[in-house]
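A quick write-up on the structure given underneath.
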Protein chains: 2
Amino acid sequence: MNDKSTTTGVSITRLISSDTAFDEQLSKVLAWDEAADHQVHEVVKDILSHVKGRGDAAILEYTQRFDSVDARSMAELEISQQRLIEALDKVTPEQKQALQTAADRVRSYHEKQIQSSWNYTEADGTVLGQQVVAMDRVGLYVPGGKAAYPSSVLMNAIPAKVAGVKELIMVVPTPKGEVNELVLAAAAISGVDRVFTIGGAQAVAALAYGSETVPAVDKIVGPGNIYVATAKREVFGTVGIDMIAGPSEILVICDGKTDPDWIAMDLFSQAEHDENAQSILISQDKQYLDQVQESIDKLLQTMERKDIIKASIEGRAAFIQVKDLSDAIAVSNRIAPEHLELSVEDPDALLPEIRHAGAIFMGRYTAEALGDYCAGPNHVLPTSGTARFSSPLGVYDFQKRSSIIKFSADGASEMGKVASILARGEGLTAHARSAEYRIKDES
Amino acid sequence: MNDKSTTTGVSITRLISSDTAFDEQLSKVLAWDEAADHQVHEVVKDILSHVKGRGDAAILEYTQRFDSVDARSMAELEISQQRLIEALDKVTPEQKQALQTAADRVRSYHEKQIQSSWNYTEADGTVLGQQVVAMDRVGLYVPGGKAAYPSSVLMNAIPAKVAGVKELIMVVPTPKGEVNELVLAAAAISGVDRVFTIGGAQAVAALAYGSETVPAVDKIVGPGNIYVATAKREVFGTVGIDMIAGPSEILVICDGKTDPDWIAMDLFSQAEHDENAQSILISQDKQYLDQVQESIDKLLQTMERKDIIKASIEGRAAFIQVKDLSDAIAVSNRIAPEHLELSVEDPDALLPEIRHAGAIFMGRYTAEALGDYCAGPNHVLPTSGTARFSSPLGVYDFQKRSSIIKFSADGASEMGKVASILARGEGLTAHARSAEYRIKDES
């Protein structure tokens, strides 16, 4: 059954997990094709090549053209540390305090992710291990205009600084010179080292290749529009990049005992991001699904972003009726959601069964929105089912490992024999002879 | 100075780090452009789409056509566990023992990389943490024909199994039905679960999308030719992939006191991989560089793969004369080599200064070739300077994290206030209201 509830207001896709066609219906609901736009790709390649070849001059021209900023030099496109600190006084005291509280919690959680170097010594004196170091320099892309999110600055910048990244360069476009004080305040609190008011593919190019003014970085993180995402894909290899995110999603598993208004609002909190965002509710209780539908119909009219929410819910949401909680978890593991809310009595009992999810929000009090801002864990999470093989952004993304191998003379002699046999088996005789030189004369 | 030594035999680029043009010269030596072949890309996209749409039938057709294998069904393209175990008796006892020793050492090293779940409880009862689980199913690509390396099977399969991956599916083409017994033996020893004798873009497609016979996996790892690499790039997002490797490189820093024949052979062991492999030697001792040149000229004629070695050394090798060891490390950090040999008296003194390297081989006895086969650490390493931001393959690549957030009623109330302020600052009022529902009535 794949009908749409059309009571009074919002039309929501309903599925039943025991239907024979369920798997196919679910696949259809989840289907998300990131449009690979050929024209965008050509434009981006052109911008990258100009910035690579002409540096500051090209960055300045693109910024003047695309952002309607009339700067005369790259120097005018840098925001000083002094200006960042001033932003802390331009936001309200409540906002400043909230940013500080959020930053402290995010820092404290991510400090638990720091990896350390280790090594061990074998009986013959051979030492093996790995040396962990932070990346030297990282670039953080922050969207400008309406989608400028200070929380995004905290979530990307703090793990990098906790990892020990020496220099964190932020880029944020300021269309028509419009600066977001909350974003600058978040940068000040997060310890961002330099800020340039550039954006788009030209900012990604500046970070990847470097220019006279913008230093080349080792990795670029942070969200952006299709030009930014395409540019990041293109420079991957020259620099590291974080994941390319799809639309945000939430999956709520509810036993039917949470206030339906709460759940409706939790679903809205994803839906309000954009029309492609996806909100899914799973319950064993058909009546409860109806109650949440009623809450949605009732609350929608009160929402500031009701048009986006309605389009998202009608286009991409789904209510799934399951047999029981165990069935709910099975469906959830099939979806591998970005955000998973376990709005149930005993979420701990379900946790061991959950194999794929970006972040798990446990219990009725844990609104997903708390995780977006101030719980502590990162809000940059794998979307579109990629939680099957990827993880939340973390300190791990800003540290890297080098393997350490130090053979003793005895160890090299013993292992040289093994390496020699295997190398000759592969026809790689220089490998074999290099190892054999270190085999001790048995006489 | 960027001349080529042209004594008797092999012509090697020589650089001096104090030359004013050094940085530019070095960039030229390191330049490596992975040819993005438009035609390959079109062929690969076509293969991917056929396998996605037609499954087994397409895989079978491509395998018949490209590998000259006359199988009539997919069932004939699966190798049984029994056949893998038989391979252990078809290789020599010495080879079997060497594989076993290597596997044991690789397993033992990688077991130290296992990450565990953790959580902590805050004063108000809020629980934060992360749950670490292995991926469900991983695909391992193993090249067939001349470049079939059993060591590659060990290095890719063992970390996956150590991580706890439940099902490891290996694909290996068998052109004209030619099976490599060492590869099958390595699969048996590593605990590979299923093996299909398919290769190329069609094998990548089979693993990414699944077919009637081949199960879809969550991540694909392992090396391959340009068709395989292009296919992996293309399916990235549907599944995870490991890095796309460039040509292999070694950088040897030598204080001038290691037998020059040893160093010449260490350089050869990279050069013999292929014409694009890169071998770089750095020393403060010009005479020593001359001695290694003499060893190269002397030893080259004795090498089985001398044509490949000569082409690689003449095309891409470099000898760099530096001021001292500290200068050597600076040049090495600039290069961020895949393999770094510290052939010096006290390598431990240099280690803290090394910021970027895939693997570090310490001391005169630690031939890089030992790391390729049996030292323990992985031989899949970041190439082409990507050690600036990436790491050796490891257990980390087969585990993933889910963030855990469980707010107590008190915690949700307090944090709801913070989230509300920040969400309203971003204009996301559904987020704000979702958090506000959990704020306790102060009365």
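Every value quoted in this text rests on a predicted model; they were computed, and no experiment measured them.
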### Task
Give a yes/no verdict on a cation-pi contact between Lys400(B) and Phe389(A), requiring under 6.0 Å between NZ or CZ and the six-membered ring centre and an angle within 45° of the axis.
no

### Message
Does any backbone or side-chain atom of Thr383(B) lie under 4.5 Å from a heavy atom of chain A? Answer side chain, backbone, both or neither.
### Response
neither

### Task
Salt-bridge test for Glu94(B) and Arg424(A): reply yes if a basic N is under 4.0 Å from a carboxylate O, no otherwise.
no

### Query
Can Glu368(A) and Ser434(B) be counted as having a side-chain donor-acceptor contact under 3.5 angstrom?
no

### Message
Please classify the contact between Phe398(B) and chain A as side chain, backbone, both or neither, with a heavy-atom cut-off of under 4.5 Å.
### Response
neither

### Task
To the nearest 0.5 angstrom, please state how far the CE atom of Met362(A) sits from the CG atom of Leu128(B).
11.5 Å

### Query
How close do Ala369(B) and His431(A) get, heavy atom to heavy atom, and via which atoms?
CB-O, 3.4 Å

#### Entry: Part of Ile404(B) within contact of chain A (heavy atom distance under 4.5 Å)
both

### Summary
Honestly, the part of Asp266(B) sitting under 4.5 Å from a heavy atom of chain A is both

#### Entry: Residues Arg355(B) and Ser402(A): side-chain donor-acceptor under 3.5 angstrom
no

### Distance-minimising heavy-atom pair for Ala419(B) and Leu370(A)
CB-CD2, 3.9 Å

### Query
His356(B) and Asp136(A): side-chain donor and acceptor closer than 3.5 Å?
yes

### Task
Please look at Arg137(B) and chain A and tell me whether the side chain, the backbone, both or neither of the residue comes under 4.5 angstrom of a heavy atom of that chain.
neither

### Heavy-atom proximity to chain B below 4.5 Å, by part of Thr101(A)
side chain

### Test side chain to side chain donor-acceptor pair (under 3.5 Å) applied to Lys219(A) - qualifying residues, sequence neighbours left out
none

### Query
Does the pair Arg401(A) and Tyr396(B) meet the rule for a side-chain contact (heavy atoms from CB on, under 4.5 Å), with working shown?
CA-CA 11 Å; Arg401(A) 299 168 273 115; Tyr396(B) 312 97; 3.2 Å; yes

### Task
Hey, can you tell me if Trp262(B) and Tyr437(A) have their rings parallel, tilted or perpendicular (30° and 60° cut-offs)?
parallel

### Message
Need one label for Asp397(B): side chain, backbone, both or neither, based on atoms under 4.5 Å from any heavy atom in chain A.
### Response
side chain

### Query
Can you tell me how far CG of Leu182(A) sits from CG of Leu422(B), rounded to the nearest 0.5 angstrom?
8.0 Å

### Message
To check you understand the geometry: which heavy-atom pair defines the closest contact between Thr126(B) and Arg105(A), and what is its length?
### Response
CG2-NH2, 4.4 Å

#### Entry: For the student: nearest non-hydrogen atoms of Glu272(A) and Thr429(B), plus distance
OE1-N, 3.3 Å

### Task
For the residue pair Tyr373(A) and Ile421(B), establish whether any side-chain heavy-atom pair is separated by less than 4.5 Å.
no

### Query
Taking Gln131(A) for the side chain and Ile354(B) for the main chain, is one N or O donor matched with an acceptor at less than 3.5 Å?
yes

#### Entry: Side chain, backbone, both or neither of Ala375(B) within contact of chain A (heavy atoms, under 4.5 Å)
both

### Query
Gln130(B) versus chain A, heavy atoms under 4.5 Å apart: side chain, backbone, both or neither?
both

### Message
Could you measure the distance from the NZ atom of Lys406(A) to the CG atom of Asp348(B)? Nearest 0.5 Å is fine.
### Response
3.5 Å

### Residue pair Arg438(A) / Thr366(B), side-chain donor-acceptor N/O under 3.5 Å
no

### Task
Give, as side chain, backbone, both or neither, the part of Ser408(A) having an atom under 4.5 angstrom from any heavy atom of chain B.
backbone

### Summary
So, the part of Leu99(A) with a heavy atom under 4.5 Å from chain B: the answer is both

### For Thr386(A) against Gly237(B), the heavy-atom pair lying closest together
CG2-O, 3.5 Å

### Task
Under 4.5 Å heavy-atom distance to chain A, tell me which part of Glu341(B) shows up: side chain, backbone, both or neither.
side chain

### Message
Between Thr302(A) and chain B, with a heavy-atom cut-off of 4.5 Å, which part of the residue counts as in contact: side chain, backbone, both or neither?
### Response
both

### Message
Given heavy-atom pairs under 4.5 angstrom as the criterion, report whether the side chain, backbone, both or neither of Ser384(B) touches chain A.
### Response
neither

#### Entry: Val418(B) vs Cys374(A), side-chain contact (heavy atoms from CB on, under 4.5 Å): CA-CA, chis, key distance, verdict
CA-CA 7 Å; Val418(B) 175; Cys374(A) 52; 3.9 Å; yes

### Task
Mind listing the closest non-hydrogen atom pair of Gly371(A) and Ile405(B) along with its distance?
CA-CD1, 4.0 Å

### Check against side-chain contact (heavy atoms from CB on, under 4.5 Å), Ser413(A) and Tyr365(B)
CA-CA 8 Å; Ser413(A) 182; Tyr365(B) 287 103; over 6 Å; no

### Heavy-atom contact with chain A under 4.5 Å, split by part of Leu342(B)
neither

### Task
Let me see the working for Ser403(B) and Phe361(A) under side-chain contact (heavy atoms from CB on, under 4.5 Å), right down to the final yes or no.
CA-CA 8 Å; Ser403(B) 304; Phe361(A) 301 82; over 6 Å; no

### Message
With a 4.5 angstrom heavy-atom cut-off, is it the side chain or the backbone of Leu351(B) that approaches chain A, or both, or neither?
### Response
both

### Message
Report which part of Ser390(A) has an atom under 4.5 Å of a heavy atom belonging to chain B: side chain, backbone, both, or neither.
### Response
backbone

### Query
Do you know which of Thr238(A), Val127(A), Asn180(A), Val183(A) has the most heavy-atom pairs with chain B at a distance under 4.5 angstrom?
Thr238(A)

### Region of Asp372(A) in contact with chain B, defined by heavy-atom distances below 4.5 Å
side chain

